[in-house]
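Throughout, numbering of the chain's residues begins at 1 and tracks the sequence.
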Amino acid sequence: MKYPWELKMSVNELTEDAVLRIGEVSEVDGRKIVIKVDRNKNLTDIFLNGNIIRNISVNSFIEIRKGFLTIIGKVDGERIQEIPFRYERNSYEQTNKSERYLTVSLSGYIERSGKFVGGTKELPLIGNEAYIITRKRTLQIYDLADDDASVSIGTTEDSDIPIPFPIDGLFNSHIAIFGNTGSGKSNTLASLYKALCEYLSERNPNEFSKKTRFLLFDFNGEYTGEKCILASKKIFNLTTRNSDGSKLPIDESSLLDVEMLAILCSATDKTQKPFLKRSVDLYKHVFKKDAQDSTEHFRNILRQEIKHALKMSDKVKTFQILDYLRDILPALIENDEEIDIDDGIEWNNTYSGFTLKSQPSNSLSTKPELIESTKLYSHVGNFNFDDNFVSKIIKFMNIQLIKDIRTNRALNEHIAPAISKLKSKQKDVDKIFDTGAATGKFWESNFVVVNLSDVNLDMKKTIPLLVSKKAYSDHKQENNKKSLTIIIDEAHNILSTESFREAESWKDYRLETFEEIIKEGRKFGVFVTISSQRPNDISATITSQAHNYFIHRLVNQKDLLTISNAVSYIDRITEESIPTLPTGTCIFSGVASQMPLKVIVKALSEHHQPKSHTLKFGTLLSNGKTQPRKFAR
């Protein structure tokens, strides 16, 4: 390797420098530099060796040479400074000479090794020469990857140079993709993970399938195409309209987890979650033996609670318990007619308790032996568990609530909403989850797409939370031997802070769960990618925790303010260009890059594109045939 002072410049290099020189530094004010442009360098283009080179302009890079150090800056603006009119010697004509000045902000410098480093090492001196950057310099500036482990999904805005994104530095981080509808964010997300999967599978297909996992929540069915992202992906097309859709395999023990039940019940922390824990403990206690013994065990618990209830003197609590017994026991049929379970008994205000209708003078509290002769007590023998898990756990919640009401451990109005919430979701849970299937079927492919486009709004919020929490909890046991990437498209659907359709406690729990994953997941090899058209709606904690950002066109002022607060290193010129970015163009900023970069993301081929196209009326009215455009004369 030769040192700079040992290098000799050829005639061609001297000529090139003479052509590429645009001026010299005339003012230094911290990181803001002013460059006076040579008079003969005010043209739009410059010719060099038969090639046309774009001249310097606003938002382009510039090279300043200070001795052997190469400093890179970015042009923020330009101005003209006029020289007052004056008479030239031996001339009667007035002349008006104008001088062009560029305002430049320093971006970084080129190390001796040829690597671009962001930040300021030294400031230029007045008189240092400034040059248009060559293709070589441009490649050094945009070279984000230190090694060959990189993928490219787009090019620079001005010179069509592919930008290599590093595998380590981008994909082992949290990524945020923001942009209005139609700005190209779906294509960016699909391009990123298509390129990553292709690179990893080519490098080592066996380890790729074993040690990497990707979980994509698709709210609009955009990524369900056969070749979109990965051809071998597993797609769960869920639906709450009927029972014909796919079902997520999950074992009973997973749904029996208190945290999982809390998600399904939208349970509060202080009152309802402790109740759920008691219900789960009772479930596990009853089912610790075989099914036949478990059924009889539960029947005995019912008989004991019936005896306690029919001896109570508190009328309100007693009738509440009877209501829950009606939910637990099957219908009571006599002579082909359904009768109520309290048939044969009645409340007697004189005794403040139940009596037999046939023996109204005998209170069941004073003669408890009569309870066993009631139809309610005898009907317990007809009880059997359903095969449905949700139905079983609801029965245990009812019996636990009976115990808690009787012992004054809980109030009905505090606990009943959790049971009602689970009841309301029972049919949906049956349509979406398969508790009898082996959980290993979920990861039949290492890339799983959960299609939520045909799922009702309530379950759209519940499923990603439940599945993500389960996947995150299981993955923490891997001890960093595998990676898990959770991709949430249209993330404002579940990470929004502006939801008025749910209780505050449930919304807080939902957000806190995902905030925990994005804050702590990196330690366990869990990475999150979110894509949204409304970054302002998403929790500020989640937005600010992302490491790398792809920002497409955004117009709303609140969204722009959110980007300004969350994304660092975006200069004024770049920030002001966000509302006018063309479709497919985005600004990349984050820890993987020394500075913000404008990237034109290549459109994927038709077979690999997500289903996010805008309907065209011309195509609609022509049955798929494009009509020629007609212009008025």
Worksheet item: Salt bridge between Lys375 and Asp342, side-chain N to carboxylate O under 4.0 Å?
Response: no

Worksheet entry | Phe171 ring center within less than 6.0 Å of Phe165 ring center | no

Discussion item. Distance to the ring centre below 6.0 angstrom and angle to the axis at most 45 degrees; does that hold for Lys476 and Phe524?
Written reply: yes

Worksheet item: Got more than 12 heavy atoms from elsewhere within 6.0 Å of CD, Glu226?
Response: no

Item to complete: Please determine if Lys611 and Glu222 form a salt bridge, counting it only when a charged side-chain N lies under 4.0 Å from a carboxylate O.
Response: no

Worksheet entry | Phe287 six-ring face occupied by Lys392 cation (under 6.0 Å, within 45°) | yes

Worksheet item: Within the distance-only criterion (no hydrogens, no angle test), does the side chain of Gln272 pair as donor or acceptor with the backbone N or O of His414 below 3.5 angstrom?
Response: yes

Practice prompt. Could you tell me whether Glu296 and Arg303 have a side-chain N and a carboxylate O separated by less than 4.0 Å?
Written response: yes

Discussion item. Quick check against the 3.5 Å criterion: does Asn349 have a side-chain atom that pairs as donor or acceptor with the backbone of Ser352?
Written reply: no

Fill in: Backbone of Leu264 reached by a side-chain donor or acceptor of Lys425 within 3.5 Å
yes

Discussion item. Less than 4.0 angstrom from a charged side-chain N to a carboxylate O is my criterion; do Asp257 and Lys469 meet it?
Written reply: no

Worksheet item: Between Arg326 and Asp323, is there a salt bridge with N-O shorter than 4.0 Å?
Response: yes

Worksheet item: So is Lys273 actually on top of Phe275's ring, under 6.0 Å and inside 45° of the axis?
Response: no

Worksheet item: Salt bridge or not for Glu478 and Lys481, using N-O below 4.0 Å?
Response: no

